[in-house]
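First the proteins, then the strands, lettered A, B, ... as listed; each starts at 1. Atoms considered below: every heavy atom in the structure, side chains included; atoms not considered: hydrogens, waters and symmetry mates.
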Amino acid sequence: MLAQQLVNGVTLGFLYVLIAVGLTMVYGVLKLLHFAHGVIYMVGAFAAMVGILYLKMNFFVAMLFAMAVAAGAGMLIEKYAYRPLRGVHPITTLISGIGVAIFLENLFQILFSSEPQAFPEAGIEVSIMQLTESISLTNVKLYIIAAGLLGLAFLYFFLKFTKMGIATQAAAQDLRAASLMGVNVNRVVSVTFMIGSALAAAAGVLVALNFNSLFPTMGSIPGLKAFCVVVLGGLGSIPGTVVGGLILGIIESLSDGFLTGMIIDKDAIAFVILIAILLVKPSGLFGQNVEKV
Amino acid sequence: MDAILNPYYVDIVIFWIIYILLGLGLNLITGYAGQVSLGHAAFFGIGAYSSAILTVTYGVNPWISMIVSIGITFVVSAVLGLPSLRVREDFLAITTLGLGLIVQSFFKNAAITGGAFGIDSIPAPSIFGIELKNAGYLILSTVVMLLAIYALKKMTGSRIGRAWRTIREDETMAQAMGIHTTYYKVLAFAIGGAYAGLAGSLFAHKVSFISAESFGFSVSATVLSMVVLGGLGSIRGTIFGVTLLYFLPEIFRIFEFDLIDPKYLDIYKMMLYGLLMVLVMRFKPKGLFGNFGIKRSQFRFFRKAKAKEGGHVA
Amino acid sequence: MVTLLKVQGITKQFGGLLAVDGVNLEVRQGEILGLIGPNGAGKTTFFNILTGLYVPDEGSIEFEGRAIHGLKPFQIANCGISRTFQNIRLLKEETVLENVKVGMFGKTSSGLWSSILGLKRAKEEERLTEEESLRILETVGLKGYEGSLAGSLSYGNQRRVEIARALVSKPKLLLLDEPTAGMNAEEVQEMSSLIRQIRKNGTTVILIEHNVAMVVGLCDRVAVLDHGIKIADGTPQEIVENPDVIEAYIGKEEMTEVV
Amino acid sequence: MLEVEKLDVSYGGIQAVRGLSLHVRKGEVVSLIGSNGAGKTTTLNAICGVIPSRGSIRYNGKEINGLPTHKIVKEGIVMVPEGRRVFPKLTVANNLLMGAYSRKISKSILQQETDFVYHLFPRLAERKNQLAGTMSGGEQQMLAIGRALMADPKLLILDEPSMGLAPIVVKDIFKTIREIKERGMTILLVEQNASMALSVADRCYVLENGEIRFNDTADNLRKQDIVKKAYLGA
Amino acid sequence: GCAGGKSTQTNSGKDAKDGADTIKIGWYGPLTGPTATDGTHSRDAALLAVEQVNAAGGINGKKVELVAEDDQGKPEEALKAVQKLINSDKVVALVGGAYSGPSKTVAPKVQEAKIPMVVAYAVHPDVTKGGDYVNRVIYTGPVQGKAMADYAVNQLKKKNFAVLYVEIDYGKSIYGAFKAEVEKMGAKVVIDRPFKMGDKDFSSILTAVKAANPDALYVVGYYNEASAIVKQAKELGISAQLLGVDGFDSPKYLELGKSNTEGSIFTTSFYTSDQREVVQKFVKAWSAKYKGEPDMLSSQSYDAAMVILEALKKAGSDKEKLAKAISETKDFEGTSGKITFGKDHEVIKPVVFMNVKDGKFQYVTSKVYQ
Ligand SMILES: Nc1ncnc2c1ncn2[C@@H]1O[C@H](COP(=O)(O)OP(=O)(O)OP(=O)(O)O)[C@@H](O)[C@H]1O
Ligand SMILES: Nc1ncnc2c1ncn2[C@@H]1O[C@H](COP(=O)(O)OP(=O)(O)OP(=O)(O)O)[C@@H](O)[C@H]1O
Ligand SMILES: [Mg+2]
Ligand SMILES: [Mg+2]
């Protein structure tokens with residue numbers, strides 16, 4: 001049973017990683033308290049549903065479509081809700097993001113009702129894979145793990161090796177200096193948002209497929225968990241995101257599997273872990289803390 | 001007197017006062033001391049549960065339970081605040097959010113809080129044997145609110161207020177200026193928490209039934225929005241922000257709108273709510289009565305500078 | 001003269017880098033001590049250690065005979081050591097006066113209750129703080145600026161606010177980290193006389209400066225750091241003639257200009 | 001090359017620069033001096049489009065007032081800002097890379113230019129992989145200048161490059177400025193160290209209270225009494 | 001206080017008398033927030049009931065008007081909503097369309113104001129404890145728990161149960177009664193785990209369940225989580241018989257759980273294929289007005305409103321008489337069964353057992369439990 005629980009934990013962990021990858025871009029790198037990440041994740045899932053149901057796309061086209069829609073949504077949110085707030089206290093971004101989240105969640109309730117819906121048939125059948133006699137896994141979960149790894153690899157490459165990636169970090173640290181280097185700061189931030197949002201959408205689609213359900217408020221808890229993962233790992237650290245997600249997933253699985261009569265439930269445990277780790281390592285597992293006086 | 005006052009309107013005002021108290025406490029923590037908190041509902045809940053447990057389980061007089069629960073939240077907020085304050089400042093939003101979830105989860109599972117069943121039949125305080133209801137409770141809440149506002153004004157105008165503002169802007173510098181930053185941060189958490197505890201106590205005795213659902217993240221987020229909308233670091237702002245966001249939904253209840261499909265009325269209401277938050281932030285980023293400094297943030301670009309008259313002689 | 005500050009074997013390492021390496025230093029009551037050295041020599045780090053912002057890896061610091069290493073920054077500040085920052089750190093959105101008042105924090109003591117209840121003592125203290133701050137602002141040449149927002153001042157004037165804030169508590173020891181950075185020659189002279197004035201009022205000063213002429217003209221004694229190591233310590237004249245110092249810091253041609 | 005006419009800048013109602021006009025010819029080193037708060041930084045910021053201003057700023061005949069900063073940089077105007085503003089959490093090497101952001105150049109040229117900067121400031125070469133934010137003030141100043149050079153500026157604007165630098169480094173930096181000048185780069189320099197400034201500058205503007213008090217060639221100014229007293233410390 | 005109670009009473013008493021040509025009935029429940037769907041269905045059902053009565057000529061010539069208020073699923077909002085309904089709208093009776101927390105909060109106030117209320121689907125035992133003005137048309141949690149225990153042990157011959165219950169009073173109270181009953185009958189619960197509404201991933205809990213090797217898995221919760229649980233249970237290869245509660249009773253359960261729901265058995269009070277006339281009429285009217293099929297909550301709310309309307313016909317709008325008439329409801333043909341209120345103001349009606357067969361809900365059997 002322990003082995004199966006670990007497998008559960010790892011898959012759950014990668015699910016968190018997948019959701020958190022996009023947030024690593026916006027929150028981890030740009031340091032933007034982007035509370036609407038969960039909403040974009042939801043928008044992505046619905047876009048895929050619309051794509052499959054109404055535009056008759058196949059699953060992979062729908063996935064790309066969802067990523068494109070989410071990228072657009074992310075860009076618009078950044079442009080209209082966050083950009084005017086640059087230079088003001090970050091908390092305003094937080095509030096604006098909460099506002100966007102409330103707005104979109106309710107808009108989607110009008111468009112699609114607040115009821116959970118099944119993810120449309122898209123030719124992806126869930127099949128069960130028996131790893132050993134007592135350990136099993138589904139193919140969709142494998143896709144999630146693969147997508148998580150892929151997203152991370154992409155992010156790593158972008159931040160480490162592309163000029164745009166480095167410019168993103170520079171802009172996050174000093175907008176004015178970045179623009180004095182010839183960086184079109186607005187564009188860089190926009191692109192970062194688009195990538196982050198597209199990744200969120202990919203997560204939304206896969207998770208909706210995995211659980212066969214999507215609904216307008218589906219993003220709120222995953223959004224919070226993603227924050228948890230990003231902070232736990234240390235802002236903007238890619239190994240941190242993986243380790244953070246896995247820690248969360250495994251501990252949640254094990255506590256679900258072996259502990260009963262807990263005074264604190266699963267979602268809260270994630271935060272107990274988070275706070276405990278931050279107390280020991282205030283900048284997160286892989287975060288660096290540089291402040292020179 | 002109760003006959004004259006429609007209990008519905010009285011209740012509206014009482015819950016408004018409760019939100020103002022919550023807002024004032026949060027404004028102290030976030031607006032004055034600069035410690036972003038997304039877990040304010042936890043302290044609200046601790047106040048409510050303390051009052052409820054003391055009166056229902058231990059049969060303590062409601063007046064005493066109210067006072068004791070302020071004390072309890074003061075201490076508990078300080079203790080709970082401590083670990084969150086040790087972490088990096090930009091993580092505070094997340095750790096306090098977590099703190100809120102942990103505390104709520106405790107309410108939901110612990111035996112002493114009645115677990116999933118909550119606590120009911122919480123008595124209201126009484127004077128000369130008469131239970132304070134509608135009007136009486138209204139007067140009590142109003143007096144409490146005025147005292148709270150007065151105390152906050154005095155505190156923030158003093159040297160302690162100065163210490164808080166310095167910490168808010170630059171902790172390292174504050175330390176070098178001789179300010180015991182941890183102490184003052186914890187103090188802000190404790191006092192802000194006590195305000196929330198007071199609000200919780202008023203809430204419990206008013207509603208008479210409490211359960212964990214009333215103290216969730218959405219309350220924290222709503223109060224934070226109210227405070228930020230009104231303007232961090234401004235008492236007037238808090239009152240205004242609370243009033244705006246609190247009465248917006250209430251207006252939908254008081255007046256009837258024929259124009260929109262009633263089926264979606266409540267959803268439109270929430271959309272408007274969200275939109276309003278975005279718009280106010282966009283056009284008045286410092287809040288409607290904002291007084292909160294531009295933080296040494298990474299995103300300082302076009303700073304709109306305002307200088308008071310009488311400066312620039314050079 | 002009485003020893004005010006005694007630093008022994010202070011060492012601080014960042015990663016593999018020894019930023020301050022076994023520095024011994026004695027500062028006497030009432031003197032102006034210059035601290036010079038190439039960029040990255042560890043001067044600011046040394047200040048950060050003195051004020052408790054960094055904890056030294058090794059070594060001890062005694063201030064007025066009392067060990068202060070390991071104390072928290074605010075405790076050290078309240079012992080009577082105040083400082084300015086090389087990278088200006090002001091409350092940019094508050095007035096100049098408010099900024100200076102912050103410096104008085106350790107000198108006042110009224111608590112929560114006396115503030116809430118509006119006790120006389122709290123009011124009295126507040127009045128005193130205000131008076132003192134205005135007086136100091138005049139001393140540093142910022143009279144008339146008290147109502148301006150600190151962030152709206154020019155660089156040089158912001159430095160003056162920093163100094164005023166450090167001075168207002170009448171510290172026993174004042175640490176100035178490049179106070180004249182960004183000032184022109186005339187202003188440097190004003191700053192020199194201001195520092196002399198400060199010393200006259202009984203405050204001991206340690207001054208980090210790159211303006212060698214000013215250091216020579218102002219300081220009683222100069223210590224030189226290089227790569228975290230104290231390479232020289234003596235009168236200004238000895239220092240500027242020390243070949244190591246010339247080599248590491250001043251440069252041969254500049255010597256002629258300075259002397 | 002650069003012509004500024006009737007420049008006005010105000011911060012929320014307070015005018016920091018009034019009707020300022022100046023010009024810089026190709027290949028010249030022009031210096032701006034003035035006491036604290038005179039408006040030097042403000043002027044430079046206005047030229048780079050960092051703060052909005054009224055008046056005309058022409059660069060090679062083209063009006064650039066109103067263009068966003070990054071476009072101005074693409075035109076070849078590059079500034080080393082006051083207070084250095086290096087990217088604290090990027091390594092030294094990446095800071096330099098950012099300097100070359102708007103240029104499309106091959107890896108080998110990039111390497112060459114980086115090596116040139118390392119040659120100018122060997123300290124930077126030693127600290128290639130250190131995060132810029134942990135460097136000492138002077139080291140950061142070197143990095144800021146190096147970073148600007150990486151952008152291959154046509155017009156280099158320096159705001160107090162010697163601030164916080166050890167004398168020996170100041171000397172180096174002015175030597176470098178002279179070197180770049182000799183290579184034909186145009187430089188607009190704000191500097192408190194007036195004697196140094198006058199030693200490299202061809203011409204000089206003296207600013208007071210947001211206005212040009214007078215301007216002249218460096219040689220002539222050196223002889224003026226007011227300048228001597230106020231800026232040369234004599 | 002005495003002063004408050006009295007004056008309110010006279011006040012509203014007077015108003016009701018000169019209340020012109022309409023009779024107002026109040027409804028409160030969640031129209032926004034996480035449980036908005038349920039609340040909306042409940043309100044729609046109450047509205048349907050009122051419209052049907054009006055279409056049939058109203059009550060003694062007077063039209064009935066339903067005033068609905070959102071409680072956002074929060075106790076304090078419910079309090080305000082009910083205060084408004086009572087004091088501003090002067091309703092003569094209330095349909096409680098909210099979950100337990102809000103219902104529990106307002107019940108004492110309603111009792112105090114002496115306004116009759118019929119609770120549609122809140123199951124917390126305390127809701128009706130306050131006095132004689134509050135009745136409930138749904139049986140409390142323990143009834144369902146007992147019923148399922150009886151059926152599972154005696155009919156299905158199951159011995160080892162795994163129980164997953166939602167961590168709110170609904171889940172806890174049903175599970176509590178189930179466990180007691182099962183143990184009384186000599187069977188046992190081998191593993192139990194709480195879960196939260198909104199949980200999605202149950203793989204770890206289910207792995208533990210699988211290890212305990214039960215012969216039946218009783219899920220006490222709503223269709224959302226239930227459908228996820230059946231799906232993931234199948235994916236983990238759990239073959240135990242799935243048992244459930246009325247929270248399953250929604251077409252969504254089938255939609256989200258897909259073929260994994262096949263064979264699950266649950267208790268409820270209402271099923272659309274019930275051939276009784278009331279039910280068929282209700283189903284028809286509902287699909288005509290709102291599309292789709294009504295669910296259990298809609299049926300409960302419809303019945304709650306109908307019980308009030310029926311009593312209004314008999315007793316008129318005097319609140320005291322009305323309350324009495326409601327409490328005396330006997331063998332009323334509701335969509336959720338024949339409704340009778342017991343002494344404790346709780347409903348007595350049969351518990352219905354349903355299963356899923358060929359992707360559809362099917363009636364199995366029904367039985368009255370007390
Ligand atoms: N952000 C701002 N907001 C308001 N006023 C400002 C701002 N920045 C500068 N000022 C004002 O504009 C005037 C010119 O400032 P500027 O920074 O250009 O001076 P400077 O010549 O560069 O001085 P320094 O040598 O000290 O750097 C000053 O009076 C200053 O107070
Ligand atoms: N927090 C830190 N982390 C890593 N390295 C640091 C840190 N603080 C300082 N350093 C390094 O320690 C050395 C000394 O720095 P310090 O700031 O003390 O120099 P300084 O003597 O003040 O130089 P300057 O005259 O240029 O200001 C520098 O090489 C710097 O890079
Ligand atoms: Mg230094
Ligand atoms: Mg300047």
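E:S287 pairs by the side chain to side chain donor-acceptor pair (under 3.5 Å) definition with nothing, not counting sequence neighbours. Remark: B:T96 pairs with no residue by the side chain to side chain donor-acceptor pair (under 3.5 Å) rule, at least two apart or across chains. Applying the side chain to side chain donor-acceptor pair (under 3.5 Å) test to E:Y165 and every residue at least two apart in sequence or in another chain returns nothing.
Close approach to chain E, defined as a heavy atom under 4.5 Å from one of its heavy atoms, is seen in no residue of residues 41-58 of chain B.
With hydrogens and angles ignored, the 3.5 Å screen pairs no side-chain donor or acceptor of B:S201 with any backbone N or O of B:L198. Remark: side-chain polar atoms of B:H205 are paired, donor with acceptor, to backbone N or O of B:P123 under 3.5 angstrom. In terms of modelled atom types and a separation under 3.5 Å, the side chain of E:K291 and the main chain of E:A288 share no donor-acceptor contact.
When heavy atoms are compared at a cutoff of 4.5 Å, B:F117 approaches chain E by way of both its backbone and its side chain.
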